[in-house]
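Every chain is numbered from 1, with letters handed out A, B, ... down the list of sequences. Every value quoted in this text rests on a predicted model; they were computed, and no experiment measured them.
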2 protein chains.
Amino acid sequence: MSREVTPIANQLRARGMRVTAARHAVLEWLADNPHATVEHVHDGIRQRLGSISKQAVYDVLKACLEADLVQQIKPAGHPARFERRTGDNHHHLVCRRCGRIEDVDCAVGARPCLNPDHDHGFEVDEAEVMYWGICGACRTAATNAPEDDHSRQ
Amino acid sequence: MSREVTPIANQLRARGMRVTAARHAVLEWLADNPHATVEHVHDGIRQRLGSISKQAVYDVLKACLEADLVQQIKPAGHPARFERRTGDNHHHLVCRRCGRIEDVDCAVGARPCLNPDHDHGFEVDEAEVMYWGICGACRTAATNAPEDDHSRQ
DNA sequence: CCGATAAACTTTAATGAGTCAAGTTTACGA
DNA sequence: TCGTAAACTTGACTCATTAAAGTTTATCGG
């Protein structure tokens with residue numbers, strides 16, 4: 001394949017990573033579809049690439065995670081989700097029912113409770129804030145046909 | 001068995017729950033051993049009860065969870081942990097390596113960032129704050145024999 | 001106190017997300 | 001264009017948790 005020069009390809013090269021079809025597709029697709037699960041990403045890029053294994057998606061996401069090109073959110077009881085937005089200390093709103101996620105910029109602004117009162121000898125490197133609730137779709141659906149998956153709005 | 005009258009038995013009855021040996025043992029043991037995994041609880045009470053299935057531990061914890069007698073913490077990538085302290089809005093400090101958990105009373109006091117700037121149509125009922133880091137034991141161990149489990153101090 | 005019965009417990013099987021490992025293909029520097 | 005390490009494919013496997021079917025037991029009404 002001839003040397004690609006898209007912004008995404010450049011971001012990869014800037015970090016010393018190889019530019020592959022899988023990586024390019026995942027990053028491009030994720031830019032348009034934030035908070036996607038591995039399943040979502042897999043389905044999404046399969047249409048563009050023809051075929052790709054789920055393991056490859058795991059590998060790509062892991063590599064991009066370590067290179068700080070994507071960020072991971074792991075809500076308790078739901079599969080992990082991924083987004084391209086990184087390093088800006090925003091938080092997440094999670095639907096208990098369907099796992100759907102929305103971004104929230106914390107009201108308190110600059111890293112509110114980042115410093116615990118007592119660190120118990122830990123070396124703390126992150127304060128994670130997660131809001132839990134029920135999304136609109138699930139709330140209205142609860143009155144009709146419960147238990148659907150509204151995570152892709 | 002003759003009707004038990006311990007505080008724990010009373011707490012169970014107050015919620016209309018049956019008082020069983022398993023429930024009594026789990027709650028009693030958990031009071032002395034906060035932040036325990038299902039595994040820990042199982043091991044802990046087996047000594048007192050002679051024998052109990054792990055499934056029973058899951059069932060007991062689930063029932064007590066719904067009755068608000070225990071609280072659950074599910075750190076990403078680690079098995080769930082349980083504690084008796086409930087409803088006082090304290091947060092947790094988690095060791096990335098061994099999963100060990102410590103309590104922290106948030107520095108900002110009264111539910112700091114409980115209200116996100118925009119609720120995206122969600123009905124928000126909880127703001128969860130989790131601090132991540134490496135505990136002292138894991139930090140010192142990292143220089144000698146890495147990858148041990150220091151979660152039970 | 002005794003028997004009925006629904007709730008708890010036991011055992012075994014299944015699920016679902018994620019990891020591991022061996023072999024094949026591919027990007028890319030020499 | 002070739003060699004090689006990195007990336008991908010396939011398939012097996014782990015681990016925490018849930019599910020389902022059958023047995024035991026706490027509690028209530030007599």
Side-chain angles (χ1 to χ4, degrees), chain A residues 1-6 8-10 12-27 36-43 45-46 49-67 69 72-82 99 147 149 151, chain B residues 1-6 8-10 12-27 36-43 45-46 49-67 69 72-82 99 147 149 151:
Chain A
M1 186 189 285
S2 61
R3 204 160 205 276
E4 285 201 75
V5 289
T6 63
I8 285 175
N10 290 337
L12 286 165
R13 287 210 187 82
R15 285 162 180 77
M17 300 169 73
R18 290 191 181 178
V19 178
T20 67
R23 288 178 176 176
H24 206 279
V26 167
L27 290 176
T37 63
V38 168
E39 195 72 35
H40 293 147
V41 175
H42 190 211
D43 290 349
I45 65 174
R46 203 154 30 180
L49 291 182
S51 106
I52 179 146
S53 69
K54 192 179 281 186
Q55 182 61 48
V57 178
Y58 274 102
D59 289 348
V60 167
L61 287 170
K62 187 173 181 228
C64 292
L65 215 48
E66 282 159 6
L69 284 171
Q72 189 181 29
I73 310 138
K74 295 179 122 183
H78 296 276
R81 292 183 174 243
F82 299 85
E147 303 307 310
D149 179 359
S151 60
Chain B
M1 186 189 284
S2 61
R3 204 160 205 275
E4 284 203 76
V5 289
T6 64
I8 286 176
N10 291 337
L12 287 165
R13 288 210 185 82
R15 284 160 180 79
M17 299 170 72
R18 290 190 180 177
V19 179
T20 67
R23 288 179 176 175
H24 206 280
V26 167
L27 289 176
T37 63
V38 169
E39 196 72 34
H40 294 148
V41 174
H42 189 211
D43 290 349
I45 65 173
R46 205 156 27 182
L49 291 182
S51 106
I52 179 149
S53 69
K54 192 180 281 186
Q55 183 62 47
V57 178
Y58 274 102
D59 289 349
V60 166
L61 288 171
K62 188 173 181 227
C64 292
L65 215 49
E66 283 160 6
L69 284 170
Q72 190 181 29
I73 310 137
K74 294 180 123 182
H78 296 276
R81 291 183 175 244
F82 299 84
E147 304 305 311
D149 178 359
S151 62

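One atom, CG of A/Leu65, and another, P of C/dG18, lie 12 Å apart when rounded to the nearest Å. In this entry the distance linking NE2 of A/His24 with C1' of C/dA27 reads 14 Å, nearest Å.
Judged by distance alone, with hydrogens and angles left aside, the side-chain atoms of B/Arg81 form a donor-acceptor pair with the main-chain N or O of B/Gly99 at under 3.5 Å. At least one donor-acceptor pair closer than 3.5 Å links the side chain of A/His40 to the backbone N or O of A/Thr37.
Every side-chain contact (heavy atoms from CB on, under 4.5 Å) that B/Lys62 has, sequence neighbours left out, goes to B/Glu66. In this structure, the salt bridge (Lys or Arg N to Asp or Glu O under 4.0 Å) partners of A/Arg46, at least two apart in sequence or on a different chain, are A/Asp43. Evaluation of the side-chain contact (heavy atoms from CB on, under 4.5 Å) rule for A/Ser53 yields A/Gln55, A/Ala56 as partners, not counting sequence neighbours.
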List the protein contact pattern of nucleotides 6-21 of chain D with one symbol per nucleotide (5' to 3'): B for base contact, S for sugar-phosphate-only contact, - for none; contact means a heavy-atom distance under 4.0 Å.
BSSBBB----SBBB--
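The end-to-end axis angle of the helix from C/dC1-D/dG30 to C/dA30-D/dT1, rounded to 10 degrees and based on five pairs per end, is 30°.
Residues B/Thr20 and B/Leu12 have side chains not in contact (no heavy-atom distance under 4.5 Å, counting atoms from C-beta outward).
The structure places CD1 of A/Ile52 at 4.0 Å from CD1 of A/Ile45, a figure rounded to the nearest 0.5 Å.
Identified under the salt bridge (Lys or Arg N to Asp or Glu O under 4.0 Å) test for residues 16-27 of chain B, with sequence neighbours left out: none.
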